[in-house]
Asker: 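Got a structure here, written out as structure tokens. Questions coming.
Each chain gets a letter, A, B and so on, in the order the sequences are listed, and its residues count up from 1. Remember, predicted model here, so these are calculated numbers, not experimental data.
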Number of protein chains: 2
Amino acid sequence: MALEHAILVSLLEKPASGYELARRFDRSIGYFWTATHQQIYRVLKRMEDDGWVDARDVPQQGRPDKKEYSVADLGRAALSSWLHDPIEPESVRHDLAVKIRGAAFDDPTALIREVERHRQAHRDRLAHYLAGQARDFTGPKAPTAGAQAPLDAERELQHAVLRGGIAYERMMIDWLDDVLATLARFGPGR
Amino acid sequence: MALEHAILVSLLEKPASGYELARRFDRSIGYFWTATHQQIYRVLKRMEDDGWVDARDVPQQGRPDKKEYSVADLGRAALSSWLHDPIEPESVRHDLAVKIRGAAFDDPTALIREVERHRQAHRDRLAHYLAGQARDFTGPKAPTAGAQAPLDAERELQHAVLRGGIAYERMMIDWLDDVLATLARFGPGR
DNA sequence: TCCTTCTATGCAACTCGTTGCATAGCAAGC
DNA sequence: GCTTGCTATGCAACGAGTTGCATAGAAGGA
């Protein structure tokens with residue numbers, strides 16, 4: 001399980017309330033990890049009980065108070081220990097792949113619209129990533145003085161993960177094009 | 001949930017016992033869907049109760065008897081209905097991406113070995129896929145007579161899914177190369 | 001004024017998925 | 001004779017994740 005660790009990383013990047021974390025999980029972090037607000041609140045409570053995070057009540061104007069969490073020493077230690085622990089390469093779950101193989105026992109051409117829909121979703125996400133990349137990762141880079149110029153690890157690694165997301169979406173779009181071409185060969189009649 | 005549907009597809013391709021299904025889920029189907037034998041036995045029992053599959057006791061020599069399942073009419077109907085139902089584009093879960101972003105708050109270079117390990121796992125899987133492709137999807141294709149020659153939908157779609165797996169592994173290997181280059185830039189000292 | 005939407009947190013119930021363990025027959029090697 | 005390993009099925013317990021619902025203040029539009 002790594003929801004705790006994903007939350008720790010997110011809180012290290014910037015302290016937040018459960019609600020704000022949930023929105024981050026709908027956005028940037030959600031690109032490689034999803035979680036509902038329910039899960040987040042439950043896990044945050046457990047993490048607070050375990051002393052991984054500190055909570056601080058923040059009164060707000062014009063909206064309900066929030067509890068802002070930040071990472072405590074124990075949380076940092078837990079993250080570090082997890083980082084040094086090897087994990088198994090992820091196992092994949094692709095509903096769409098099941099559908100594509102299943103289509104052989106139904107009408108393959110009926111799947112075309114569905115695959116097109118998914119391709120569009122991946123195109124949208126790709127556009128979103130590319131916009132984020134242009135916004136956050138272009139312009140003045142690290143000072144070009146010495147070869148050993150200090151690099152901002154946080155920023156560099158966020159960019160590396162984003163490049164992974166971009167590569168993934170491009171791969172998916174290409175593959176779905178391939179699938180559509182395969183489906184088209186079965187012709188309208190059948 | 002689509003474990004039921006993955007099982008239906010697998011049983012349509014070839015009837016099997018729970019044990020055999022579990023092994024398939026470790027192999028070809030496992031490339032895009034994983035399941036333990038526990039899950040499979042439980043779901044199979046439910047599917048049998050619901051009339052989706054028929055069970056048949058098969059006595060064997062030199063090994064325990066097995067229960068061979070095949071898809072019933074109700075199961076075919078359930079699969080067809082699911083195939084016509086739109087599904088949400090999958091949400092991703094990438095432990096490794098969490099680790100990479102988290103490495104910014106620890107020692108980034110300590111992650112190099114882990115990333116290399118994952119890259120090797122993806123290389124192994126790619127080699128496995130390519131071998132499977134060479135074995136099952138080369139040689140005599142559909143008769144090249146007419147443009148409208150009858151295609152074997154099952155085989156064509158299995159191949160399309162396999163091509164997806166190959167594209168995925170290639171993408172991952174390239175991305176992990178990219179990540180390693182990024183990590184290397186932080187240098188041995190820190 | 002009422003209705004909807006947004007921020008913000010949370011409980012309860014349920015399903016899904018994993019882990020550990022148990023059973024049982026047979027084969028192969030030490 | 002004993003252990004190990006493979007086929008084959010299954011229970012029990014737990015942990016992870018989802019869905020539905022509840023509360024509550026404030027903003028904004030019909």
Asker: Heavy-atom nearest nucleotide on DNA chain D for T36(A) versus K67(B): which residue maps closer to 5'?
Answerer: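 Per heavy-atom nearest nucleotide, the more 5' residue is K67(B).
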
Asker: Nearest-Å distance, CZ (R93(A)) to P (dA16(D))?
Answerer: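 Spelled out: CZ on R93(A) to P on dA16(D) is 16 Å.
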
Asker: Mind calculating the distance between CD (E88(B)) and P (dG17(D)) to the nearest angstrom?
Answerer: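 Rounding to the nearest Å, CD of E88(B) and P of dG17(D) are 19 Å apart.
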
Asker: Rounded to whole angstrom units, what separation is found between the CD atom of Q39(B) and the P atom of dT15(C)?
Answerer: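 Between P of dT15(C) and CD of Q39(B): 15 Å.
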
Asker: Answer with yes or no whether the side chains of D54(B) and S70(B) bring together a donor and an acceptor at under 3.5 Å.
Answerer: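 No, no side-chain donor-acceptor contact under 3.5 Å.
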
Asker: Hey, which sits more toward the 5' end of DNA chain D by its nearest nucleotide, R23(B) or A35(A)?
Answerer: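 It is R23(B) whose nearest nucleotide is closer to the 5' end.
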
Asker: For atom CG of D73(A), is the number of surrounding heavy atoms from other residues, nucleotides or ligands below 6.0 Å larger than 12?
Answerer: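 Open.
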
Asker: Over how many whole Å does the gap from Q38(A) atom CD to dT19(D) atom P extend?
Answerer: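 Taking atom P of dT19(D) as the reference, CD of Q38(A) is at 12 Å.
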
Asker: Could E169(B) and R123(B) be called an ion pair, given the rule that one side-chain N must be under 4.0 Å from one carboxylate O?
Answerer: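 Looking at E169(B) and R123(B), the cut-off is not met.
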
Asker: In whole Å, what is the span from the CG atom of D95(A) to the C1' atom of dC16(C)?
Answerer: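 Whole-Å distance recorded here is 13 Å.
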
Asker: May I have the distance from D26(A) (atom CG) to dC6(C) (atom C1'), rounded to whole angstrom?
Answerer: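 Rounded to the whole Å, the gap is 14 Å.
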
Asker: Using a cut-off of strictly less than 4.0 Å, decide whether S17(B) has a side-chain nitrogen or oxygen near OP1 or OP2 of dT7(D).
Answerer: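 Negative; the distance criterion is not met.
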
Asker: Would you kindly give the CZ-to-P distance between R42(B) and dT19(C), to the nearest whole Å?
Answerer: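 The distance from CZ of R42(B) to P of dT19(C) comes to 13 Å, rounded to the nearest Å.
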
Asker: E20(B) side chain: which of dA8(C), dG17(D), dA8(D) is closest?
Answerer: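 Looking only at side-chain atoms, E20(B) lies closest to dA8(D).
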
Asker: For the pair made of OH in Y41(A) and C1' in dT23(D), what is the distance, rounded to whole Å?
Answerer: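 About 12 Å, once rounded to whole Å.
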
Asker: Measure from the side chain of H37(B), starting at C-beta and using heavy atoms only, and say which of dT9(D), dG17(C), dT19(D) lies closest.
Answerer: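 That would be dT9(D).
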
Asker: Can a side chain N or O of Y19(B) be found less than 4.0 Å away from OP1 or OP2 on dT9(D)?
Answerer: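 Indeed not, no polar side-chain atom of Y19(B) lies that close.
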
Asker: Do R24(B) and E13(B) sit within salt-bridge range, that is, some charged N less than 4.0 Å from a carboxylate O?
Answerer: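 The answer is no: the pair does not qualify as a salt bridge.
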
Asker: Side chains of T182(B) and R163(A): do they bring a donor and an acceptor to under 3.5 Å?
Answerer: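 Per modelled atom types, T182(B) and R163(A) side chains form a pair under 3.5 Å.
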
